Amino acid sequence: MAPQGDDTIFQPKDAIKSGVSGALFSGGAGLLIASLRTSMKKNNVGSMHVFTHGGGTIISFAFAGGVYRFAQQASANLREKEDAWNHAIGAFLGGGVVGLRSLRFPVILGFGAMAGATVGAFAFTGGKLSGFDKDPNVDEYERKEAMRLNRRRPVEETLAEVGEGRGIYPPGYQERRRQRLLEKYGIEVKPVSADPNVASA
């Protein structure tokens, strides 16, 4: 999908071809689901049971996928723009096709609205689980370093919130600890070094 607000010249696509390919793809998914449901039957059924009892599932999936792809491409061609609205329109109509089996208008609208909102939001946020495409002109190492610098907090601020000790030992920690022990408990702790040369001096 093109980024939001992209000014590139729109190239129209064949909506019928997209609809047929979408119907074949989603029909295959419906056939797979119908086959799985048939394989879980307790009694023995024939191979045609997938089509006789799962035909509604296969047809619903095929129509939903075909209508989604056709409406999405037709909307893009009519609007001459490739954005999230095309996906939302296609998903709304495709979801409505799924709700047609109930023969109730509120269910049809509900399925369409749910599918349109979900797919439209997904397309608006980049159309991928990883988010928007990264700029190919920016080096990945430099991009990550810039993100680290942008989100890095000063050490002083972290120490002020977390405090010293418990594995956090900034410079001068031992001297401040000895001073606190002396002020609070009257105990003077002499510094001890693990270096044998310093200890023998």
Side-chain angles (χ1 to χ4, degrees), residues 1-136 138 143 147 151:
M1 186 183 82
Q4 307 295 325
D6 194 8
D7 293 331
T8 56
I9 299 173
F10 176 77
Q11 297 292 333
K13 298 181 180 68
D14 190 354
I16 296 176
K17 182 179 177 182
S18 297
V20 171
S21 64
L24 290 174
F25 181 79
S26 56
L31 177 62
L32 176 65
I33 292 173
S35 302
L36 289 174
R37 291 174 62 185
T38 301
S39 67
M40 294 179 187
K41 294 281 184 183
K42 293 184 179 179
N43 53 340
N44 289 334
V45 293
S47 59
M48 294 303 293
H49 187 274
V50 176
F51 300 101
T52 56
H53 286 77
T57 302
I58 299 170
I59 292 172
S60 294
F61 269 76
F63 269 103
V67 168
Y68 164 70
R69 289 293 292 160
F70 175 81
Q72 184 247 327
Q73 287 297 342
S75 173
N77 291 340
L78 291 172
R79 299 174 63 238
E80 296 184 355
K81 190 185 294 184
E82 185 69 43
D83 58 7
W85 285 107
N86 301 326
H87 295 272
I89 292 168
F92 176 79
L93 295 175
V97 168
V98 174
L100 276 175
R101 294 181 70 181
S102 68
L103 299 177
R104 295 176 58 198
F105 194 68
V107 175
I108 295 171
L109 281 181
F111 270 90
M114 183 182 68
T118 304
V119 175
F122 181 68
F124 182 76
T125 54
K128 296 189 303 184
L129 294 177
S130 58
F132 288 106
D133 290 331
K134 299 178 179 67
D135 189 356
V138 177
R143 187 184 70 82
M147 288 176 63
R151 291 167 171 78

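FYI, side chains are in, hydrogens and waters are out, and symmetry mates aren't considered; it's all heavy atoms of this structure. None of these values were measured; they are calculated from a predicted model. The chain is numbered in sequence order, starting from 1.
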Point to revise | From CZ (Arg69) to NE2 (His87), nearest 0.5 Å | key: 8.0 Å
Exercise for review: Give the minimum heavy-atom separation between Ala84 and Gly120, together with the two atoms involved.
Suggested key: CB-O, 3.7 Å
**Study point:** Gap separating the CD1 atom of Ile108 from the CZ atom of Arg101, nearest 0.5 angstrom
**Key:** 13.0 Å
Exercise for review: Quick one: closest heavy-atom pair of Gly90 and Ala71, and the distance?
Suggested key: CA-CB, 3.7 Å
Exercise for review: Calculate, to the nearest 0.5 Å, the distance between atoms CZ and CD1 belonging to Phe63 and Ile58 respectively.
Suggested key: 13.0 Å
Practice item. Ignoring hydrogens and angles, tell me if any N or O in the side chain of Ser21 forms a donor-acceptor pair with the backbone of Ser18 under 3.5 Å. Key: yes
Check your understanding: Within a strict 4.5 Å, meaning less than it, do heavy atoms of the Phe92 and Leu109 side chains meet?
Key -> yes
Practice item. Measure the spacing between OH of Tyr68 and CD of Gln73 and express it to the nearest 0.5 Å. Key: 9.0 Å
Revision key, fill the gap. Residue pairs meeting side chain to side chain donor-acceptor pair (under 3.5 Å), one or both in residues 23-37, sequence neighbours left out, come to Arg37-Thr57
**Study point:** Residues, nucleotides or ligands: over 12 heavy atoms within 6.0 Å of Asn44 CG
**Key:** no
Practice item. Please identify each residue that fulfils side-chain hydrogen bond (donor to acceptor under 3.5 Å, both in side chains) with Ser60, with sequence neighbours left out. Key: none
Exercise for review: For residues Gly94 and Ala64, report the shortest heavy-atom separation together with the two atoms involved.
Suggested key: O-CB, 3.7 Å
Check your understanding: So, for Ala74 and Ala15, which heavy atoms are closest and what is the spacing to 0.1 Å?
Key -> N-CB, 3.9 Å
Revision key, fill the gap. To the nearest 0.5 Å, atom CG of Leu31 lies from atom CG of Leu24 at 12.0 Å
Revision key, fill the gap. Of all heavy-atom pairs linking Val107 and Gly99, the shortest is CG1-O, 4.2 Å
Study note, to complete from the structure: By salt bridge (Lys or Arg N to Asp or Glu O under 4.0 Å), Arg79 pairs with (sequence neighbours left out) Asp83
Practice item. State whether the number of non-hydrogen atoms from other residues, nucleotides or ligands found under 6.0 Å of Phe25 atom CZ is greater than 12. Key: no
Review point. Roughly how far apart are Gln72 CD and Leu93 CG, rounded to 0.5 Å?
Key: 11.5 Å
Point to revise | Stepwise side-chain contact (heavy atoms from CB on, under 4.5 Å) check, Phe10 with Lys81 | key: CA-CA 6 Å; Phe10 176 77; Lys81 190 185 294 184; 5.8 Å; no
Point to revise | Residues, nucleotides or ligands: over 12 heavy atoms within 6.0 Å of Leu36 CG | key: yes
